Amino acid sequence: MTKTAAYQLVCGLEIHAELKTASKMFCGCKNDPFHAPEPNCYTCPVCLGLPGALPVANKKAIEWTIKLGLALGCKINLYSKFDRKHYFYPDLPKGYQISQYDLPFCYDGILETSTGPVKITRIHLEEDTGKLLHKTINGEKVSLIDFNRSSVPLVEIVSEPDIHSAAQAKEYAKKMRDILRALEIADCDMEQGGMRLEANTSLKESTASDLPRYKVEVKNINSFRFLEQAIIKEIERQSELLSAGQTPSQETRGYNPETGETFAQRSKESAEDYRYFPDPDLPPFRFSEQQIEQWREELPELPHQRAQRWVQQYHIDQRFADSLSVGQASTASLELIFTNASTQSLDVNKIASAIVNKRLTVPTSSDDVDAALAKYQAEITTSTVDTEAITPIIEKVLTANPDVVAKYKAGHTPVLGFLMGQVMRELTTKPDPQALQKLIITTIEATNS
Amino acid sequence: MTNNLQRLTLADYVAGIKAKQFTALEVRRAVHETIAAKNSQLNAYVTVFDQHLTKTYEGQLGGAPITLKDNILIKGERTTASSHVLDKFKPPYSATVYQKLKQAGAAIIGKTNMDAWAHGSSTETSDYGRTLNPRNPEFLPGGSSGGSAAAVAADMTIAAVGTETAGSIRQPSAWCGVVGLKPTYGRVSRYGIVAMASSTDSPGPITKTVEDSAMLLNYVAGQDPHDSTTAPNAVPDYTSFLGKSIKGLKVGVLYQDVAGLEKVNEQIEHAAKVLEKLGATVTRAHALDPHFAIGVYTIVQRAEVSSNLARYDGIRFGNDRSFFGSEAKRRIMLGTYTLAKGYAEKYYLTAQKVRTLFINDFEQLFSQFDVLIHPTSPGFAKKTGATEGEAMFGELEDMLLEPSSVTGLPGISLPCYHDSQTNLFLGLNILAPRFREDLLISVADAFEKATNWNTWRNR
Amino acid sequence: MAAQNFTTQQVKHIAALANVPVSVEEERAIASAFSETLTVIANLATIDTSTVEPTAQTTGLENVWREDLVTPETMLSQIDALANAPATAQGYFVVKRILHHDQ
């Protein structure tokens, strides 16, 4: 809790994610802007906005957008269309972006976080813009434009202002990324701009029921860490202003990771007039209930669903299940380990714990699963050290003796003897000394301090 | 020009080439000589392609000289839409209609003049000078496909392809005394054609006879994977509808009660009698007042224009927006206004609703009639200079054609009267339900053969 | 939709929104042209459209889309993509630096 305790954060996130279709949203150009060999080589009359060019919608991108909506519990607009959103900027070749206005493909969804649900207002599909590079050439300040990214399919996910802490914002964004990846529709490479975050933030007095009268938009955040920091900064900045009786300006701000500060970019007093109207070049879409149901059936199991299933099916602790469902290890291999372990009447939760604590490596090939299990079993049963029971004790001792641990890490290996003694004091049965020493070393090396 | 080969119709050309009565080269030479003799006065062409004099062509059209309006893109060839913004623009790709004609063996011999960006009904607002009416150079050819219609009327081409957003094929065809067919919206691909109003733009043939328009339509019609608004409907052989009897056909006559049209309606009455003699039953019909179509068309068109012209910023191609002429600037700005916050409901949305009323009105009319007829234009061609200071010249001139344009219906205009004093013509406009170009061709062909208004037939 | 007299101030504002450069003389001419246009189309307000749905497209088509395939034959080489540009550098289109984003 900070001095801002009198105020509560009211925050909504807007997430843009590039879909990894093979071709672009409205033309058959290759969709691979990050790996293009040179600028402006994945272009055509359509995505360059040349005279006479016409858009043709990518069916897969539409299907994936709806699947994303279904995965997030959204309702689907059975009748939908694309609209033109007008503004002038050099990276927008047609002078308008094909987007969706009043009939987005998906609306009214929800994403659960550990501190409460965040409702999703809408998910719509649009085309990305080209990319600008600012340079100075021959002393002149110019912008270089690359249209390889122009018209790449982009989903925009807008949340209600249900987020109440910077940590929750980070969790929401991370979970969204996990779902996009689990559906295999987006890579979400944040450094490249494959996933972009924008936060709308304001503060209200904790006792107030109305939403605040202003909103500050923080844009161009390309990491979860920066998102959290930027929001924390905004809470500080806005509560200072509010405490002084001022209302923060309605504006757009950027985040400078070097200074850790947000800075004003441009005033948003008058909202842009995008002059939306239905794109006459693209007929509307009408989906049947059956089509939507078929797409729903094609959804893969999502991380949070898998975690729940593991908890129920294998009695794995929630924390292990949550971690493993989004971790690096292949789902298929994990599934196989759990199933095999279960068949052998082994304690699956202990195995899950071992995997999380890196004492059991998940093999990449399913052929090696049984061997890995057998090896693990051998280690804990034939070894005279009950790894699972003793590790917590070792950790306790290490934490109580940080200076000793530091000495060992600096190269004074004899101090191990002291640590061993401390551990053995806590044990009822005397373990094999060699195995115990090995386990202590492993445990020290596994901690990241 | 001793052989007069430039006076051939497209049908006679194709037949004559097959029968080896003449060669493609001979005809092309005759056409080029005609262009050389007349174009400096008439200014129908923006660009003439000389290189085609020695080329040979495969395909059914056998090298027939055909011209395209300068808003139709040809790869590597200057395409301007008659605007200084595109003065030096050479597109890296070609329009679908160009590809189709090329495949059919046409020789595209040049690009014709138009009102800049197709914003007009006179070809007087071209950035490359006005085109004159070949029938009487004191008068305008109409527009925006004025260059196309003038080229056909003056035998500076065997046939032409123009575009219509509301009147731009049919009106100049009427003013120049030729045949102009605006197909159903979605019948012909718009891919590679400088967009004006995306929801009404229709490329179509401008020709010497109805037979020629049926022939050309065969080649340019059809679904295009590059254009999402083209229809999957099969393309029939439109020439099979020539020479058909129109006995028993129900014809409705529109706009006979509209003030100011008395003179032209007199000629429509005569035309109606011709159709009756051919066996059709002709009845007066009441339609929704076309004055309302002016509002619908003006708003929808200018809104879509303001959007479609947003891409011309001089960064990727062309000159910057200061090169727009005053007509283009006016239309872009009015369009922006009708879409602006606080005004879109009042203007844009209302226009789209009244459009529905016109669609319903035609549906009701076509439940009683097979085709509808009315004057193409409120009068004869206007004199040069007529557009000066007129903010709404085009939209007012095209009032009678706007209802069918905004509703996407097909229509054909052909000559139905000739004034021997001025040498100017009046056009009869025939309308049919969507995708019923067959009816247009049958009725127009019958009318053309039963009368003497056609310059090339029976001469 | 009563006819109204447009001011040059309003014209200035629309010109900015439409990104169209207009001179002072043009402003005046456009203001009067606007007034004329709006007068002509004022009759639309006299029609009752309360029970009518707007028509955006006359084709009646729905669900027109394409499979997710790359079509190399429609793609342009970098040279062709840049061929008509007035200013290019190192494979990019060049434009004078914009001082602030529009979006």
Side-chain angles (χ1 to χ4, degrees), chain A residues 21-24 27-31 38-46 48 50 56-63 79 81 86-90 92 95 129-130 132-137 140-147 219 252 265-266 272-273 275 277-280 282-287, chain C residues 9-22 34 41 44 49 52-103:
Chain A
T21 51
S23 62
K24 289 186 176 183
C27 63
C29 282
K30 189 164 180 184
N31 174 10
E38 49 179 11
N40 294 302
C41 66
Y42 293 157
T43 60
C44 76
V46 179
L48 277 179
L50 296 188
V56 186
N58 184 326
K59 183 176 183 188
K60 183 136 265 167
I62 295 172
E63 177 186 324
Y79 179 80
K81 63 184 165 66
H86 301 82
Y87 64 93
F88 290 95
Y89 202 60
L92 192 64
T129 64
L132 283 183
L133 254 86
H134 302 301
K135 286 238 160 99
T136 304
I137 293 181
E140 206 197 335
K141 283 206 169 95
V142 294
S143 296
L144 304 180
I145 321 173
D146 174 13
F147 290 102
K219 283 179 91 113
T252 300
Q265 284 187 331
R266 128 194 97 93
E272 287 263 10
D273 184 356
R275 306 185 295 290
F277 71 92
D279 196 324
L282 293 162
F285 302 93
R286 196 182 298 272
F287 310 106
Chain C
Q9 198 52 42
Q10 286 172 295
V11 172
K12 257 210 224 339
H13 169 72
I14 296 168
L17 199 57
N19 193 20
V20 173
V22 285
F34 265 38
I41 66 179
L44 282 188
T49 54
V52 187
E53 284 302 305
T55 298
Q57 302 204 331
T58 60
T59 62
L61 293 170
E62 288 177 346
N63 298 357
V64 181
W65 43 31
R66 42 171 261 275
E67 297 304 319
D68 182 29
L69 297 166
V70 177
T71 53
E73 67 273 15
T74 58
M75 286 170 64
L76 299 173
S77 66
Q78 187 196 70
I79 294 174
D80 283 346
L82 299 172
N84 279 285
T88 62
Q90 305 152 31
Y92 294 90
F93 294 93
V94 182
V95 80
K96 278 217 233 313
R97 181 83 58 90
I98 315 291
L99 292 175
H100 58 265
H101 302 279
D102 247 19
Q103 209 209 2

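Naming convention: chains lettered A, B, ... in sequence-line order (proteins, then strands); numbering from 1 in each chain. No hydrogens, no waters, no symmetry mates; every other heavy atom, side chains included, goes into these values. Keep in mind that this is a model prediction, so the values were computed, not measured.
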Requested in this report: Against chain C, label A:L92 side chain, backbone, both or neither, depending on which of its atoms sit under 4.5 Å from a heavy atom there.
Outcome: neither

Query - Evaluation steps, side-chain contact (heavy atoms from CB on, under 4.5 Å), between A:L48 and C:F93 - result: CA-CA 11 Å; A:L48 277 179; C:F93 294 93; 4.1 Å; yes

Report task. Side chain from CB out, backbone as N, CA, C, O: work out which of these in C:L82 comes under 4.5 Å of a heavy atom of chain A, or both, or neither. Result -> side chain

Report task. Would you check if A:P284 and C:Q57 make a side-chain contact, meaning some heavy-atom pair closer than 4.5 Å? Result -> yes

Query raised in the report: Quick one: are C:Y92 and A:I145 in side-chain contact, heavy atoms under 4.5 Å?
Result: no

**Report entry** Min side-chain heavy-atom separation C:L17-A:R275 under 4.5 Å
**Finding:** yes

Query raised in the report: Among A:C41, A:C27, A:A61, A:G95, which has the most heavy-atom pairs under 4.5 Å with chain C?
Result: A:C27

**Report entry** Contacting moiety of A:K24, where chain C heavy atoms sit under 4.5 Å
**Finding:** backbone

Report summary line: Greatest number of non-hydrogen atom pairs under 4.5 angstrom with chain C, of A:P280, A:P278, A:S143, falls to A:S143

Query - Proximity breakdown for C:E73 and chain A, heavy-atom pairs closer than 4.5 Å - result: neither

Query - Within-4.5 Å side-chain heavy-atom neighbours: A:N58 and C:W65 - result: no

Query raised in the report: Heavy atoms, side chains only, cut-off 4.5 Å: are A:V142 and C:R97 in contact?
Result: no

Query raised in the report: For the side chain of A:N40 and the backbone of C:G91, is there at least one donor-acceptor N/O pair under 3.5 Å apart?
Result: yes

Requested in this report: Kindly check if the number of other-residue, nucleotide or ligand heavy atoms within 6.0 Å of CD1 (C:I79) is above 12?
Outcome: no

Query raised in the report: If you count heavy-atom pairs under 4.5 Å with chain A, which of C:L61, C:N84, C:N63 comes out on top?
Result: C:N63

Query - C:M75 side chain reached by A:C29 side chain, heavy atoms, under 4.5 Å - result: yes

Requested in this report: With the side chain counted from C-beta on, respond yes when C:L76 and A:P45 share a heavy-atom pair under 4.5 Å apart, and no when they do not.
Outcome: yes

Report summary line: Note: C:V70 and A:A22 closest approach over all heavy atoms is CG2-O, 3.4 Å

Query raised in the report: Is a donor on one side and an acceptor on the other found under 3.5 Å between the side chain of C:Q78 and the backbone of A:E38?
Result: no

Query - Max heavy-atom pair count under 4.5 Å with chain C, selected residue of A:F285, A:F147, A:F287, A:Y79 - result: A:F285

Requested in this report: Select, from C:D68, C:T71, C:V94, the one with the greatest count of heavy-atom pairs under 4.5 Å involving chain A.
Outcome: C:D68

Report task. Would you mind telling me which of C:K96, C:E67, C:E62 has the largest number of heavy-atom pairs within less than 4.5 Å of chain A? Result -> C:E62

Report task. Evaluate the side-chain proximity of C:R66 to A:S23: yes if any heavy-atom separation is below 4.5 Å, no if none is. Result -> yes

Query - C:A85 portion near chain A, given a 4.5 angstrom heavy-atom threshold - result: neither

Query raised in the report: About how many Å separate CG of C:L69 and NZ of A:K30, when rounded to the nearest 0.5 Å?
Result: 13.5 Å

